[in-house]
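Heads up, the thing below is written out as structure tokens.
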Amino acid sequence: MSEAVPMTRRAVLRGAGALLALPFLESLPSFGAAPPGRRPAGPPLRMAIFTVTGGTVLESWRPKEQGPLGKLPSILRPLEFAKKDLLLLSGLSQAGHSEGLNAHEHCALLHLTGAPQVKRQPGGKKLAGVSVDQAAARVVGGNTLLPSLEIGLTNHETMYSFRAADVPVPYEPNPRLVFERMFRGRRPVVPNWPRRNRAAGVPVAPPPRSGSLELSVIDLVREEATGLRGRLGTGDKHKLDEYLHSVRSVEKRIEFVEARHREELLDLASPGPSRLTLPTNLPAEGVPIWKITGPVERDPEKHAEYIRLMSDLLVLALQTDTTRVATVALGSDEASFPGVVTVGYERHCHTLEHQGNAGRVEDADPIAREACRQIHAWYTELFAELVGKMQKIDEGGSSLLDNCMLLYTSYMADGGHGREECPTLLVGKAGGTLKTGRHVAYKARTPVANLYVEMLNRMGARVDRFGDSHVAEHRAYGGRLPGLV
């Protein structure tokens with residue numbers, strides 16, 4: 001051990017600064033270490049949320065009958081080929097109250113949190129609750145390089161993901177930056193899940209300490225901090241112990257990343273049975289974001305290209321096990337749809353949403369409502385392309401879709417800011433934990449949060465409540481959803 005350094009602010013900050021320099025620290029708050037001494041079994045369950053704007057047109061979304069799916073309603077008809085992989089849930093609603101928010105903010109903050117109340121605090125900060133994707137990331141995020149992935153189009157009104165009630169998670173709209181975040185410093189590779197599965201449960205001897213620069217810095221920080229301990233009072237010793245705990249967390253993260261690198265080298269030598277399709281149409285480096293997202297709102301062809309590219313990045317993230325939790329927000333209430341909408345004269349989505357929705361369907365403009373139906377069917381066509389790709393990805397006897405729980409939904413129930421009968425479609429068998437090919441109808445106004453409890457339990461969270469599942473006025477089923485299996 002080196003000679004103890006004087007207990008100065010500079011000495012402590014020097015150690016802290018060394019830690020902050022580690023390249024992966026942006027992900028640290030959500031990570032936990034993988035189980036020590038064992039290789040991961042596979043394929044694992046992944047959870048993804050694909051959410052679009054504008055809600056839906058209920059009579060063209062919800063089947064009339066419960067039970068096995070027959071001919072799908074027109075908005076969902078592009079998914080006819082995947083009918084056996086669909087589980088359509090109706091009756092789910094958001095009931096959380098709002099304070100100081102407009103209608104879009106109200107719907108958006110409830111969307112993935114199911115919070116009993118959302119509000120704008122003094123100073124403008126918004127308060128909601130932990131979102132279902134971030135809750136899932138807390139459970140499985142330590143097994144992947146990214147604990148979660150949030151990509152797509154959001155704005156100051158449409159905040160969906162929250163790490164804490166007052167900590168919204170930003171969504172990355174630039175496809176190039178999404179790709180670089182996933183694969184910076186590593187080569188995309190298909191995990192060989194059959195090989196990993198055969199090795200599951202076999203104790204793995206810990207490798208010798210690598211001597212990497214990062215671990216050398218950790219050793220130095222621990223050494224200097226230990227030298228300080230004998231000079232500190234009781235209160236400061238407690239603070240130092242907390243600091244050393246953080247250092248150990250960083251050390252574990254480094255060890256995990258190095259172990260993951262060794263696992264991927266084995267996969268490179270003997271990859272899984274599927275092939276990777278890397279995007280070839282990423283934006284050029286340095287292109288301003290407004291040049292990427294601006295055309296999305298004006299040109300449906302550019303809009304579709306953007307959705308396809310982000311969908312491909314989602315598939316790539318799940319296929320390579322870069323993350324097991326992802327949320328993709330696509331579409332825009334401000335987009336125009338010439339060529340997609342073929343009735344009437346209006347093409348602006350937000351205008352159509354208001355004209356095509358009312359307290360009673362019969363009071364809505366029927367032409368605008370048909371235009372909204374066409375827009376939502378268009379979104380589903382693009383979503384169906386994603387589902388088709390996931391069906392074809394072989395993970396060694398099962399498909400990527402089989403091993404996913406994919407939620408297709410919207411932040412509003414309808415374009416009139418409705419929060420009852422939220423569009424809710426689960427796609428994929430969730431590793432055999434969902435019985436698909438059905439429509440399950442629940443009591444009217446059953447909290448969407450009940451579904452989030454079920455999703456989190458399938459991800460290993462072991463929770464019995466989430467959001468307003470136990471406190472909503474129309475709470476039901478003990479905060480759960482029966483009949484999913």
Side chain proximity check, Val190 to Arg275, heavy atoms < 4.5 angstrom: no
State, with a plain yes or no, whether a side-chain heavy atom of Asp312 is found less than 4.5 Å away from one of Lys389. yes
With sequence neighbours excluded, residues passing side chain to side chain contact (heavy atoms under 4.5 Å, CB included) with Thr436: Leu87, Lys429, Leu434
Can you find a side-chain donor-acceptor pair between His474 and Ser93 that sits under 3.5 Å? no
Would you compute the distance between atom OG of Ser410 and atom CG of Leu425 and round it to the nearest 0.5 angstrom? 13.0 Å
Working to the nearest 0.5 Å, report the span between OG1 of Thr53 and CG of Asn155. 10.0 Å
May I have all residue pairs that pass salt bridge (charged side-chain N to carboxylate O under 4.0 Å, His left out) and include part of residues 59-76, sequence neighbours excluded? Glu59-Arg369, Arg62-Glu421
Can you give each donor-acceptor pair under 3.5 Å made by side-chain atoms of residues 462-472, sequence neighbours left out, with the distance rounded to 0.1 Å?
from	atom 1	to	atom 2	distance (Å)
Ser469	OG	Phe466	N	3.0
Ser469	OG	Phe466	O	3.1

Determine, using ring centers only, whether Phe179 and Phe183 are less than 6.0 Å apart. yes
Got Pro78 and Phe383 here, is their nearest side-chain heavy-atom distance under 4.5 Å? no
With sequence neighbours left out, what residues match Tyr411 under side-chain hydrogen bond (donor to acceptor under 3.5 Å, both in side chains)? His104, Asp333
Supply the atom-to-atom distance Asn102 CG to His417 NE2, rounded to the nearest 0.5 angstrom. 7.5 Å
Dump the intermediate steps for side chain to side chain donor-acceptor pair (under 3.5 Å) on Glu334 and His350, then the final yes or no. CA-CA 6 Å; Glu334 296 301 331; His350 198 183; 3.2 Å; yes
Residues Lys83, Glu80: salt bridge by 4.0 Å N-O rule: yes
Looking at side-chain heavy atoms only, is the closest gap between Leu481 and Leu92 below 4.5 Å? yes
Side chain to side chain contact (heavy atoms under 4.5 Å, CB included) against Ser336, all qualifying residues, sequence neighbours excluded: Pro338, His348
Non-hydrogen atoms of Ala413 and Pro423 that approach each other most closely: CA-CD, 3.8 Å
Is the Tyr408 ring parallel, tilted or perpendicular to the Trp61 ring (thresholds 30°, 60°)? tilted
Among all residues two or more places apart in sequence or in another chain, which pass the side chain to side chain contact (heavy atoms under 4.5 Å, CB included) test with Leu177? Glu172, Asn174, Glu180
Glu305 bridged to Arg308 by N-O distance under 4.0 Å: no
With sequence neighbours excluded, give me every salt bridge (charged side-chain N to carboxylate O under 4.0 Å, His left out) pair touching residues 469-485. Glu454-Arg480
Residues pairing under salt bridge (charged side-chain N to carboxylate O under 4.0 Å, His left out) where one sits in residues 391-401, two or more places apart or in two chains, turn out to be Arg46-Glu395
Side-chain donor/acceptor of Arg186 to backbone N/O of Met182, under 3.5 Å: yes
Does the side chain of Val427 reach to within under 4.5 Å of the side chain of Met405, using non-hydrogen atoms? no
Side-chain touch Leu352/Ile375, heavy atoms, less than 4.5 angstrom: yes
How long is the gap from CG on Leu149 to OG1 on Thr327, to the nearest 0.5 Å? 8.5 Å
Looking only at atom types and distance, does a side-chain atom of Asn450 sit under 3.5 Å from a main-chain N or O of Ala476, one as donor and one as acceptor? yes
Go through the side-chain N and O atoms of Glu150 and Ser148 and say whether any donor and acceptor fall under 3.5 Å apart. yes
Side chains of Leu88 and Val440: does their closest heavy-atom pair fall under 4.5 Å? no
State which residues pass salt bridge (Lys or Arg N to Asp or Glu O under 4.0 Å) with Asp321; sequence neighbours excluded, sorted by chain then number. Arg260, Arg324
Using the test ring pair (Phe, Tyr, Trp, His ring centres under 6.0 Å), find all partners of Tyr477 that sit at least two apart in sequence or belong to another chain. Tyr442
Name all residues meeting the side chain to side chain contact (heavy atoms under 4.5 Å, CB included) criterion together with Ala444; count only those two or more places apart in sequence or in a different chain, and write none if there are none. none
Just how far is it from atom CD1 of Ile151 to atom OH of Tyr171, taken to the nearest 0.5 Å? 10.0 Å
Taking the side chain as C-beta and beyond, is there a heavy-atom pair between Leu153 and Thr158 under 4.5 Å? no
Approximate separation, where rounding is to 0.5 Å, of Met455 CE and Leu112 CG: 8.5 Å
Exercise answer: donor-acceptor pairs, residues 116-127 side-chain atoms, under 3.5 Å, sequence neighbours excluded:
from	atom 1	to	atom 2	distance (Å)
Arg120	NE	Gly100	O	3.0
Arg120	NH2	Glu105	OE1	2.7
Arg120	NH2	Glu105	OE2	2.9
Lys126	NZ	Glu105	OE2	2.9
Lys126	NZ	His156	O	2.4

